[in-house]
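The structure under discussion appears below in the form of structure tokens.
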Amino acid sequence: MSDEWNPKIQAIICNWCSYAGADLAGGARIQYPPDVRAVRVMCTGRVDMLFILKAFVDGADGVLVSGCHFGDCHYLEGNYKAAKRMFMVKSLMKNIGLDDKRFRMTFVSASEGAKWGMVMTDVVNKVRELGPSPIKEFQK
Amino acid sequence: MAENSEPRVGVFVCHCGTNIAGSLDVKDVAEYAKTLPNVAYAAEYQYMCSTPGQNMIKEAIDKYKLTGIVVAACSPRLHEPTFRIATKEGGLNMFRFEMANIREQNSWVHMHGMHDEATAKAKDQVRMAVAKAAYLEDLIPKSVPVEKAAMVVGGGVGGIQAALDLASAGIKTYLVERTPTIGGRMSQLDKTFPTLDCSQCILAPKMVDAGRHPNIELLSYHEVENVEGYIGNFEVTLRKKARGVMNPVEAAAKGIVGGGCNGCGDCTAVCPVIKPNPFEFGMAPRKAIYIYHAQVVPLIYTVDFDACVKCGLCVDACGEKKAIDLEMQDEFPKYKIGTVILATGYDFIPVEEKREWGYKRHENVIHALEFERLICASGPTGGHLVRPSDGATPKSVGFVLCAGSRDNTQDGVGKPYCSRFCCMYSLKHAHQIMEKIEGCKAYIFYMDIRSFGKAYEEFYYRIQNEGCKFIRGRVANILEDPDTKNLHVFTEDTLLGRPVDIELDMVVLASAIQPRDGATELRKKFGVSASSDGWMLEAHPKLNPCGTTTAGVFLAGVCQGPKDIPDTVAQAEGAASAASIPIHIGEVELEPYFAQCMQDICAGCGMCIKLCPYSALDLVEKDGRTVMQVTEAKCKGCGTCGGFCPGGAIKMQHFTTPQIVAQIDAYLLGGE
């Protein structure tokens with residue numbers, strides 16, 4: 001690959017909806033940019049705020065958490081609890097001067113392969129617009 | 001693996017023919033894996049899921065003393081069970097396995113001109129999986145006993161068939177039906193295509209069988225209120241709606257000897273309140289104490305408390321049987337079941353909102369199910385098709401197909417999918433009017449005729465030969481002649497390429513279907529997802545069409561997607577078979593992804609207790625300290641507690657914080 005900058009985006013996605021949706025996108029051969037790496041958890045409720053902050057400290061240019069639609073959570077309400085925490089992540093990011101658009105929570109169901117493709121494209125484009133994470137510069 | 005020994009991970013990269021190898025450099029990925037920390041062995045192979053592929057894993061475990069296995073191939077949602085078994089057969093604990101999804105989430109989504117990027121992504125994915133594999137631990141699946149009972153929700157033909165199969169296999173089955181009688185949509189039909197069997201004649205024996213089978217407990221006029229538990233151990237709370245009438249068993253329980261409803265109908269004869277009968281779509285009356293039709297199962301009357309004036313005439317008419325209790329209240333009985341089948345069926349879209357066809361504005365535009373009732377000998381007109389406007393016998397009838405199906409207008413009413421049985425029943429309707437009414441002309445307005453089933457295409461030819469006119473074109477507009485109430489149907493005959501205006505006595509809309517009202521709430525109670533079109537989502541569209549992603553919950557019939565009676569019955573039998581397996585085995589293994597409290601560092605704050613949706617966590621006193629304790633049988637492993645514990649004292653097995661952080665670090669810090 002060239003010297004051109006490519007973003008590093010960490011995704012943490014739930015097994016029952018978004019991971020299945022991502023698999024469906026694969027089955028349907030929906031093409032999207034290759035800049036996201038996913039960690040699978042059973043439910044977005046498992047996502048500790050520290051995972052997101054750790055990813056940023058490690059130099060991620062963007063982080064995505066994706067789960068089931070509200071009311072569709074395999075574990076009833078894990079995604080509600082996760083979403084609440086994600087607001088805290090956003091306010092923390094603002095406090096330390098990190099653009100909170102680098103972090104996003106989305107809701108993609110197991111039947112929304114096309115939507116997963118759109119989310120991927122959109123997240124990558126947004127992070128590309130924002131450029132490399134300032135945390136990396138700071139750590140130099 | 002002892003805590004202090006070094007992890008030794010084996011990495012196996014799959015070509016999947018050209019599915020993976022066509023889009024990225026598999027050999028390069030395998031070579032790269034060899035350079036990663038903790039990797040003791042790495043290889044690539046054409047098809048890892050084949051027997052030789054699995055044998056590679058087993059042999060390598062022994063030869064290289066591996067402590068963890070990584071397979072980079074398809075989705076773990078597909079082949080994780082396969083490779084776990086191979087890992088187990090190789091002598092490792094089956095949970096010492098991790099998968100890198102380099103197919104669905106890599107080679108298939110980065111296909112064109114992305115070879116280098118896809119290869120780099122696969123390397124990252126393998127590195128992340130290896131990092132997690134180094135932290136994997138031995139886990140033991142938890143085996144739980146299965147309640148020897150099943151529940152079927154929905155008493156249409158699918159639900160009845162499923163319940164009969166389960167019951168015949170020796171399983172206690174609760175058949176839950178929302179309305180006062182089982183039978184569902186099929187009991188409203190006159191004849192069935194393509195054999196022209198009388199629908200009720202072939203359904204009624206099954207209804208009767210379900211009503212008297214010793215293993216079936218018929219719970220009509222019940223709805224699902226609440227669901228708790230998991231496969232093998234569901235506890236379902238039903239709402240037993242106040243029926244106002246006791247069956248003989250309930251009467252006996254209240255000490256009324258020889259009492260209870262025997263279906264004599266004396267009550268309905270004296271009831272002064274008249275309401276439209278929803279079973280006949282309001283085209284026939286019923287009383288406030290009623291049965292839907294003569295063949296109901298169970299034959300127990302029901303009081304419509306919204307209409308009842310509590311005059312008490314029915315109570316007097318019932319006399320010594322003392323079956324009627326006008327003060328009856330809803331009850332909430334609980335049932336313990338091992339597995340459940342959902343068979344909630346369908347409703348029609350509100351086709352009146354498609355204003356161009358004039359349903360509910362033009363009197364002689366009717367709905368296909370209204371046609372079924374009008375042509376049915378047991379229907380409101382005794383089987384004589386009449387025009388609603390003047391009661392005359394129609395001499396020309398049009399059938400509008402795809403009335404809301406295969407419709408991408410995005411108006412919120414039309415559906416993009418094919419409703420699958422409208423073509424065939426409209427052919428049947430055309431046959432029926434030509435047979436019953438001498439000289440009556442039938443016109444079918446269609447986009448395509450989809451006659452895909454066994455003997456369906458032959459039936460289509462038969463109707464063509466009987467003289468039905470087929471006009472290929474979607475109906476644009478239907479206007480009513482205000483004097484005669486005749487209808488003008490406007491469309492383009494796309495085969496002749498010219499607009500047509502046909503005057504007809506009557507029009508029947510083959511309306512699109514949608515999930516039953518209340519089906520969404522029901523599926524959420526059972527943790528079942530929906531497809532993008534709103535139908536319940538099966539576990540796999542091809543290979544697991546009866547299962548769902550919630551273990552122990554199965555689907556039958558149209559609730560999973562449009563299908564006709566043979567397909568519904570077939571799926572019901574499949575679902576019954578699938579639902580009986582855990583019950584016959586008697587126990588199920590649950591994935592051991594439980595939360596564990598590290599009590600030495602738990603501060604006993606109790607934050608997690610409120611987060612748990614299953615009440616699996618409690619605060620207990622231990623050695624003079626307050627700490628949290630997990631009840632494993634209740635924990636489903638979502639990790640919502642572990643995601644929030646301020647002290648990091650909750651360990652989510654197989655998704656531990658060190659494992660997840662290792663993956664994040666491996667991606668962001670471990671690259672080239």
Side-chain angles (χ1 to χ4, degrees), chain A residues 1 6 8 10 12 14-17 19-20 22-51 54-55 57-60 68-69 71-78 81-82 85 109-117 120, chain B residues 74-78 99 101 103-112 114 116-118 120-121 124-125 128 132 520 523-524 527-533 537 549-550 591 593 611 613-614 636-645 648 652 654-655 657 659-661 663-665 667-669 671:
Chain A
M1 275 184 281
N6 286 309
K8 286 190 162 195
Q10 177 73 64
I12 308 178
C14 85
N15 179 62
W16 302 102
C17 293
Y19 199 93
D23 280 356
L24 191 67
R29 311 297 197 277
I30 290 164
Q31 304 294 302
Y32 55 79
D35 305 306
V36 183
R37 308 286 181 266
V39 166
R40 180 170 70 125
V41 289
M42 295 314 275
C43 177
T44 47
R46 172 71 188 98
V47 181
D48 195 318
M49 292 193 294
L50 295 176
F51 298 163
K54 183 73 169 79
V57 169
D58 283 357
C68 307
H69 288 281
D72 262 357
C73 176
H74 190 75
Y75 304 101
L76 310 176
E77 50 197 38
K81 309 240 162 95
R85 269 174 232 161
S109 83
S111 62
E112 293 177 330
K115 184 177 173 189
W116 178 255
M120 287 289 96
Chain B
C74 50
S75 171
R77 294 174 56 85
L78 201 64
M99 218 158 164
N101 184 344
R103 193 179 76 171
E104 279 84 345
Q105 298 186 19
N106 189 339
S107 69
W108 277 354
V109 290
H110 313 308
M111 289 174 77
H112 311 297
M114 304 290 279
D116 292 348
E117 288 87 346
K121 179 170 175 178
D124 287 350
Q125 288 176 303
M128 291 163 75
K132 179 168 179 181
T520 303
R523 72 170 171 78
K524 285 182 179 176
V528 174
S529 307
S531 316
S532 50
D533 48 17
L537 185 67
T549 50
T550 303
E591 284 183 322
Y593 302 160
L611 289 172
Y614 304 107
K636 292 198 187 183
C638 63
T640 305
C641 55
F644 196 74
C645 178
M652 288 311 306
H654 211 63
F655 294 91
T657 299
Q659 286 167 358
I660 293 172
V661 171
Q663 284 172 285
I664 295 172
D665 284 350
Y667 166 36
L668 295 161
L669 301 176

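Since the structure is predicted, the reported quantities are computational estimates derived from the model, not experimental observations. Note on naming: letters A, B, ... go to the chains in the order of the sequence lines (proteins, then strands), and numbering restarts at 1 for each one. Because only heavy atoms are used, hydrogens play no part in the values below, and waters and symmetry mates are left out as well, while side chains stay in.
- Contact tally against chain B (heavy-atom pairs below 4.5 Å) for Trp116(A), Tyr19(A), Trp16(A): the top residue is Tyr19(A).
- Only the backbone of Val36(A) comes within contact range of chain B, judged by heavy atoms closer than 4.5 Å.
- With a threshold of 4.5 angstrom between heavy atoms, Ile30(A) approaches chain B through N, CA, C or O but not through any side-chain atom.
- Your options are Ala82(A), Ala22(A), Pro34(A), Ala60(A), and the one with the most heavy-atom pairs under 4.5 Å with chain B is Pro34(A).
- Of the possible donor and acceptor atoms, none in the side chain of Ser532(B) sits under 3.5 Å from a partner among the backbone N and O of Glu112(A).
- Your options are Cys17(A), Gly45(A), Pro33(A), and the one with the most heavy-atom pairs under 4.5 Å with chain B is Gly45(A).
- Within the 4.5 Å cutoff, no side-chain heavy atoms of Val39(A) are placed close to those of Gln659(B).
- Of the listed residues (Lys132(B), Met111(B), Met652(B), Lys636(B)), the greatest number of heavy-atom pairs within a distance under 4.5 Å of chain A belongs to Met111(B).
- When each of Gly27(A), Gly71(A), Ala110(A), Ala25(A) is checked for heavy-atom pairs under 4.5 Å with chain B, Gly71(A) comes out on top.
- Proximity to chain B involves both the backbone and the side chain of Ala20(A), based on heavy atoms less than 4.5 angstrom apart.
- Contacts with chain A were tallied for Asn101(B), Leu537(B), Val528(B), Asn106(B); Asn101(B) has the most, counting heavy-atom pairs under 4.5 Å.
- Listed by first and then second residue, the salt bridge (charged side-chain N to carboxylate O under 4.0 Å, His left out) pairs involving residues 27-40 of chain A are Asp35(A)-Arg128(A), Arg37(A)-Asp124(B), Arg40(A)-Glu80(B) (not counting sequence neighbours).
- For chain B, the nearby parts of Ala38(A) are the backbone and the side chain; heavy atoms of each come within less than 4.5 Å.
- Contact count versus chain A (heavy atoms, under 4.5 Å) is highest, among Gln105(B), Glu104(B), Gln663(B), for Gln105(B).
- When each of Leu50(A), Val41(A), Asp72(A) is scored by its heavy-atom pairs under 4.5 Å with chain B, the top score falls to Asp72(A).
- Note on Asp533(B), Thr520(B), Ile660(B): by heavy-atom pairs under 4.5 Å with chain A, the leading option is Ile660(B).
- For chain B, the nearby part of Val47(A) is the backbone; its heavy atoms alone come within less than 4.5 Å.
- Chosen from Ala55(A), Gly59(A), Gly78(A), the residue pairing most often with chain B at heavy-atom distances under 4.5 Å is Ala55(A).
- The salt bridge (Lys or Arg N to Asp or Glu O under 4.0 Å) test applied to Arg103(B) returns no partner, not counting sequence neighbours.
- In this structure, the side chain of Lys81(A) does not engage the main chain of Thr640(B) through any donor-acceptor pair within 3.5 Å.
- A donor-acceptor pair is defined here as one N or O able to donate and one able to accept, closer than 3.5 Å; such a pair exists between the side chain of His110(B) and the backbone of Tyr32(A).
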